[in-house]
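All remarks here apply to the structure that follows.
Chain identifiers are assigned alphabetically (A, B, ...) following the order of the sequence lines, protein sequences preceding nucleic acid strands; residue numbering begins at 1 within each chain.
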Amino acid sequence: MNFWLMKTEPGAFSLDDLISRPGQIEPWDGVRNYQARNMMRDQMKVGDPVFFYHSNCEIPGIAGIVRIAREAYPDHTAFDPVHKHYDPGSSPENPRWLMVDVQFVRRLQRIISLAELKTHASALDGFALLRKGNRLSVMAVDARHWAFIEALETITQRG
DNA sequence: GCCAACGTTGGC
DNA sequence: GCCAACGTTGGC
């Protein structure tokens, strides 16, 4: 089993949006980065846990936990000429982009912010989210980093 | 709004 | 294959 973190802008699709979906499941479409696609294609398995990360918002951070509900399959939004994520280089016969389905698991008791994560730089050494200039929307999380971050949830942050 | 970091594109 | 130009991401 692998652990993951996936970013979304809550203004476009938030954890609350996922919760309100039928079955609390949603296709994770719109990934247009080869590295991220390859991780989804080659490594993501049904049941893998995922940190649901809110980016580009007032308090960037981890809002909840979701799980992979369906493994990689063609992202049809790439086929639609009027879609924002249209890619003429992708076709149903030869799909370039893939998506997975994610399902809501639980909300964290509090948002674990990027700022808070940064205060644990040594414990989280190597965590991709904290690497400078990282812009990947899908990233793997080491098991020990996952456990550390989950443990932070119930610790009242001082400061 | 600014801007650093990064990926992609395309001319050569 | 090189690399400048460009677009995007995303924290601040």
inquiry  = Checking A:Asp17 against A:Ser14: is there a side-chain donor and acceptor pair closer than 3.5 Å?
reply    = yes

ask   = Thinking salt bridges, do A:Asp48 and A:Arg67 make one under a 4.0 Å N-O criterion?
value = no

query = Rounded to the nearest Å, what distance is computed from the CZ atom of residue A:Arg37 to the P atom of nucleotide B:dG7?
reply = 15 Å

Phosphate OP1/OP2 of B:dA5 contacted by A:Lys132 side-chain N/O (<4.0 Å) = yes

inquiry  = Using OP1 and OP2 only, check whether a side-chain N or O of A:Lys7 sits under 4.0 Å from C:dG10.
reply    = yes

ask   = Which nucleotide in the set C:dG11, B:dG7, C:dG10 lies at the smallest distance from any side-chain heavy atom of A:Lys118?
value = C:dG11

remark   = A:Leu130 CG to B:dA5 P, in whole Å, measures 16 Å

query = Looking at the side chain of A:Tyr34, which of B:dT8, C:dT8, C:dG10 is the nearest nucleotide?
reply = B:dT8

request  = Identify, between A:Asn134 and A:Asn56, the residue whose nearest nucleotide on DNA chain B lies closer to the 5' end.
outcome  = A:Asn56

ask   = A:Met139 has an atom CE; how far is it from atom P of C:dT9, in whole Å?
value = 14 Å

note = Rounded to whole Å, CG of A:Leu129 lies from P of B:dA5 at a distance of 17 Å

query = Between atom NE2 in A:His54 and atom P in C:dC12, what is the gap in whole Å?
reply = 17 Å

query = So does A:Glu26 pair up with A:Arg70, basic N to acidic O under 4.0 Å?
reply = no

request  = Give the rounded distance in Å between these two atoms: CD of A:Glu116 and P of C:dG11.
outcome  = 15 Å

message = What is the distance, to the nearest angstrom, from the CZ atom on A:Arg131 to the P atom on C:dG10?
response = 15 Å

ask   = Taking atom P of C:dG11 as reference, at what distance in whole Å does atom CZ of A:Arg135 sit?
value = 12 Å

query = Considering residues, nucleotides and ligands other than A:Lys84, do more than 12 of their heavy atoms fall under 6.0 Å from its NZ?
reply = no

